[in-house]
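Here is the naming used below: chain letters follow the sequence lines, and residue numbers restart at 1 for every chain.
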There are 4 protein chains.
Amino acid sequence: MASQSKTEARRSKILKAAQKVFAHKGFHDATIAEIARAAGVSEGSIYEYFSSKEGVLFAIPLEVTRESHELSQVHLSLIRGAANRLRALVYMYLSLYESNPDYSSVILLTLKQNQKFRETEAYEMIRDGFRNITAIIKSGMANGEFRPDINPYVVRSVLMGAVDHLTTNWLMDGRRGSLTELVDPVLDVVMEGVLTKDPRSASDLHWSAWQRTGRASGPQEA
Amino acid sequence: MASQSKTEARRSKILKAAQKVFAHKGFHDATIAEIARAAGVSEGSIYEYFSSKEGVLFAIPLEVTRESHELSQVHLSLIRGAANRLRALVYMYLSLYESNPDYSSVILLTLKQNQKFRETEAYEMIRDGFRNITAIIKSGMANGEFRPDINPYVVRSVLMGAVDHLTTNWLMDGRRGSLTELVDPVLDVVMEGVLTKDPRSASDLHWSAWQRTGRASGPQEA
Amino acid sequence: MASQSKTEARRSKILKAAQKVFAHKGFHDATIAEIARAAGVSEGSIYEYFSSKEGVLFAIPLEVTRESHELSQVHLSLIRGAANRLRALVYMYLSLYESNPDYSSVILLTLKQNQKFRETEAYEMIRDGFRNITAIIKSGMANGEFRPDINPYVVRSVLMGAVDHLTTNWLMDGRRGSLTELVDPVLDVVMEGVLTKDPRSASDLHWSAWQRTGRASGPQEA
Amino acid sequence: MASQSKTEARRSKILKAAQKVFAHKGFHDATIAEIARAAGVSEGSIYEYFSSKEGVLFAIPLEVTRESHELSQVHLSLIRGAANRLRALVYMYLSLYESNPDYSSVILLTLKQNQKFRETEAYEMIRDGFRNITAIIKSGMANGEFRPDINPYVVRSVLMGAVDHLTTNWLMDGRRGSLTELVDPVLDVVMEGVLTKDPRSASDLHWSAWQRTGRASGPQEA
DNA sequence: CATGAATGAGACTTCATTCAT
DNA sequence: GATGAATGAAGTCTCATTCAT
């Protein structure tokens, strides 16, 4: 937003370069030398901005997660209905991953295996995002939009699991096809078991309108 | 079961030790020395059975995958109905993961992220398993048990994504709770959007009976 | 001569140390650790200047060969007569070897057995030196100084074989005695069979004058 | 000749295999496993016949050297004249090398460079062969066949240097051409400077007859 | 602040040698 | 005597991190 200081720009350049290199090589096979080269800075400079190689890795999701968090808050505040909100969130995740494949790769393939990442501020924010989803599901259950007998944790896992799974396959199979056009097919399948059978209780929450878009016919196959 | 040759037993001991060490440290932070120590053999011996550290890693899923594949074929042959078969598969995956946490960790956190693993025989078997799921879904669509407008790839991804996601969280949160008791909650949510609305068309496929087990109330929360 | 950059000096220090260690232990029994210690640098530093242990070995003759080549060109340009030139070359080889026993050892005992060295730039220069000798012999045959019925390749082999053989024995028997004082005895024996019988045809090539220095009396015995 | 015991045959088989492997790979890059495989015996068996890998290497020239030594004594006893004897010896060396390229390779490229080999029984026999040459040269000087002012050590070095040099080049350049046909060209060049000018003093020693074979025109060139 | 040369710890892997079968 | 599985010492090379310039 605001003009960045020169040092801020350098930091950012390093982070972008690291994202790319980590995405293509993984954490261990990426070298500081390579990141430095990709960023156009010296190896020593990286240690002016980050404490270690792992520090660089952990810093990658910080900005994005923060921005996404804020963005999602803005968007969600405009949307009515738990179902519509869940759809929006799935869309935001898939859209974010689709537009930033290197970032997705780091998040889904590199950071996921890192035990230490779980003690990180960035991970806490990701977890916040998850908690938010659970909260939305619970609110849907509370207002009668969702069935009372669903397990919110399971529903969240089904949605987020689908997002991760689809994205991971998309990444490893060469990024063919579109991720975002899978949003509706996924939601169609899942929401049927989440929404209350009685359409009247949810009609004013715009779900039915969206649901009318029908069931998509995804092309991908592994 | 059957008596193994001595060399077979040694190989197996190494593999078990490697599974444990890889699960706890990840591939790169695990060392051959540590695996050798855990297996009670010398470092050199490992190279009598495997060509490299990566070779050890890739050998881990071979046995298990083969056995699981055979087992699943037996079980599935006894089960009627696409829905019941999908449920059985989800159960088998979660059950396998729950009984072998080290194995799950290696598969979900280390191997599935490894590009080179995707050129491996073991991965081909995993892929076969996936193809099998898609085939079951398609057969359900063909015989009217499943809606004709679902995307089989998406349904499979939703199911497998849920399995992976639940298992990963279970692993990273200290293996609290039970994985297998999440089978029904997951299936309940997903199947509602997969099965045809008209219960008659599927009644003879024993789905309704199973469905009566009702919607589980999972305790876990992150 | 000219001031070397600091990095140039380091590289040179490593090369000198490697020459010494290779000469005393041979390629395989020499270790990078030992070379590093002898050079006063860390093991890692060696890999900043050379790509591998073999790379260090192959770099040893590069400088010397280049310098010797240039030096020999200068000297030879001042000398008339094929016989005198051959003598000068034999002198230069034995003198070079005598003044740099470690270098000789590497060249004659270590590099000689290395197949891969034959695909090296340095080897190409050594081969150039040999071709030069053959050319001189042929020129001597052409201008009547040498007999027309000699085999230039054999004459060259006799001279270079004597140089190698004498040097190798000198090295392995403890470097006793002088190599350069064997130049005349060798040339006396060989040239008699190379020069044309008729002294008139070659008299103006100053051979006779040199020949008058008489036949040396070498002391060495194996 | 005589029937070998079974163990003698095994030992011999190992030695032949080692010769081949050492010739192609050099001492350090050859492995006991490879030699065992080539010999059709187990690795352990090699240590029943030899104390170490180096022991195998040092045993290679023993038989050959002994046989050659005996053979040369027989042949030389039939030859009159120092010059003719030297020619016979050069012929025997080149002939031996030409018929046993693997053996030549081991001798010239691996063993002669090995310091420890010089403390070996086999080397002592090689040295005996060299002393024998010097003795022949001295006898030629004594009986007036050779000039009195030559250096016997130098003459021997010239001859043996030529043999080694020609053989080494022949080996490394793919064994093209014939080694033995270079005997006369070499001797022609060298003997001219060794023999006394006055042909009468040597006529009865059959040199002149041989000399008449004329100067060969070797084809090889490097 | 930036650089990049220097470091050195540590990992994988090889292979001569041993020894129980 | 023969085997070959097992050993473990040792070596090359990489690379995160530091620090003098």
Side-chain angles (χ1 to χ4, degrees), chain A residues 5-7 10 14 27-37 39-57, chain B residues 5-7 10-11 14 27-37 39-56, chain C residues 5-7 10-11 14 27-37 39-56, chain D residues 5-7 10-11 14 27-37 39-56:
Chain A
S5 68
K6 192 154 166 217
T7 132
R10 265 177 92 83
I14 292 169
F27 180 69
H28 276 279
D29 291 339
T31 67
I32 290 287
E34 197 171 1
I35 294 170
R37 207 180 316 126
V41 305
S42 72
E43 297 175 50
S45 285
I46 291 181
Y47 287 86
E48 302 238 342
Y49 294 91
F50 305 95
S51 64
S52 68
K53 187 185 173 186
E54 207 169 37
V56 179
L57 175 67
Chain B
S5 71
K6 189 150 166 227
T7 135
R10 258 178 101 81
R11 199 190 127 95
I14 293 170
F27 179 70
H28 276 280
D29 292 338
T31 68
I32 290 289
E34 198 170 0
I35 295 171
R37 210 178 315 126
V41 304
S42 71
E43 293 182 48
S45 284
I46 292 182
Y47 288 88
E48 289 227 331
Y49 292 89
F50 306 96
S51 64
S52 68
K53 189 186 172 186
E54 204 172 39
V56 179
Chain C
S5 71
K6 191 150 165 226
T7 137
R10 256 178 103 81
R11 198 189 127 97
I14 292 170
F27 180 70
H28 276 280
D29 292 336
T31 69
I32 290 289
E34 199 170 1
I35 294 171
R37 208 179 316 125
V41 305
S42 70
E43 292 183 46
S45 284
I46 291 182
Y47 289 89
E48 289 227 330
Y49 293 90
F50 306 95
S51 63
S52 67
K53 187 184 173 188
E54 205 170 39
V56 179
Chain D
S5 70
K6 192 154 166 219
T7 132
R10 266 176 91 83
R11 198 189 127 95
I14 293 170
F27 179 70
H28 276 280
D29 291 338
T31 68
I32 290 288
E34 198 171 2
I35 294 170
R37 205 180 318 126
V41 304
S42 71
E43 297 176 51
S45 285
I46 292 181
Y47 287 87
E48 301 237 344
Y49 294 90
F50 306 94
S51 64
S52 68
K53 188 184 174 189
E54 205 171 39
V56 179

For this session: Just call it for B:F50: base, sugar-phosphate, or nothing, with non-hydrogen atoms closer than 4.0 Å on any strand.
Result: nothing

Seminar exercise, completed: For C:E34 and C:D29 the tightest heavy-atom approach is OE1-O, 4.3 Å

Problem set entry | Non-neighbouring partners of D:F27 that pass ring-ring contact (aromatic ring centres under 6.0 Å, His included), sequence neighbours left out | D:F22

Exercise. Do any side-chain nitrogens or oxygens of A:R10 fall under 4.0 Å of OP1 or OP2 in E:dC1?
Worked result: no

For this session: Compare every heavy atom of A:H28 with every heavy atom of A:K53, then report the nearest pair and how far apart it is.
Result: NZ-O, 3.6 Å

Seminar exercise, completed: So the stems of DNA chain F, runs of at least three Watson-Crick or G-U pairs (under 3.5 Å), are E:2-21 with F:2-21

Exercise. Can you give one letter per nucleotide of nucleotides 11-21 of chain E, 5' to 3': B if a protein heavy atom sits under 4.0 Å from the base, S if only from the sugar-phosphate, - if neither?
Worked result: SSBBSSBB---

For this session: Can you tell me the distance, in whole Å, between the CD1 atom of A:I14 and the P atom of E:dA2?
Result: 8 Å

For this session: Identify the two heavy atoms, one from B:A39 and one from B:I14, that lie closest to each other, and give their separation to 0.1 Å.
Result: CB-CA, 3.8 Å

Exercise. Within this structure, what is the CD1-to-P distance between A:I46 and F:dC15, rounded to whole angstrom?
Worked result: 14 Å

Exercise. What integer number of Å spans the P atoms of E:dC1 and F:dT21?
Worked result: 22 Å

Problem set entry | Stepwise side-chain contact (heavy atoms from CB on, under 4.5 Å) check, D:T7 with D:Y49 | CA-CA 9 Å; D:T7 132; D:Y49 294 90; 3.6 Å; yes

For this session: Please report the closest heavy-atom contact between D:S45 and D:R10, naming both atoms and the distance.
Result: OG-NH2, 3.1 Å

For this session: Check every atom of F:dA6, E:dG8, E:dA2 against the side chain of B:E48 and return the nucleotide holding the closest atom.
Result: F:dA6

For this session: Specify the separation, in whole Å, of atom CZ of B:R11 and atom P of F:dA6.
Result: 13 Å

Problem set entry | Interatomic distance, B:I35 atom CD1 to B:E43 atom CD [nearest 0.5 angstrom] | 10.0 Å

Exercise. In whole angstroms, how far is the P atom of E:dA6 from the CZ atom of C:R37?
Worked result: 20 Å

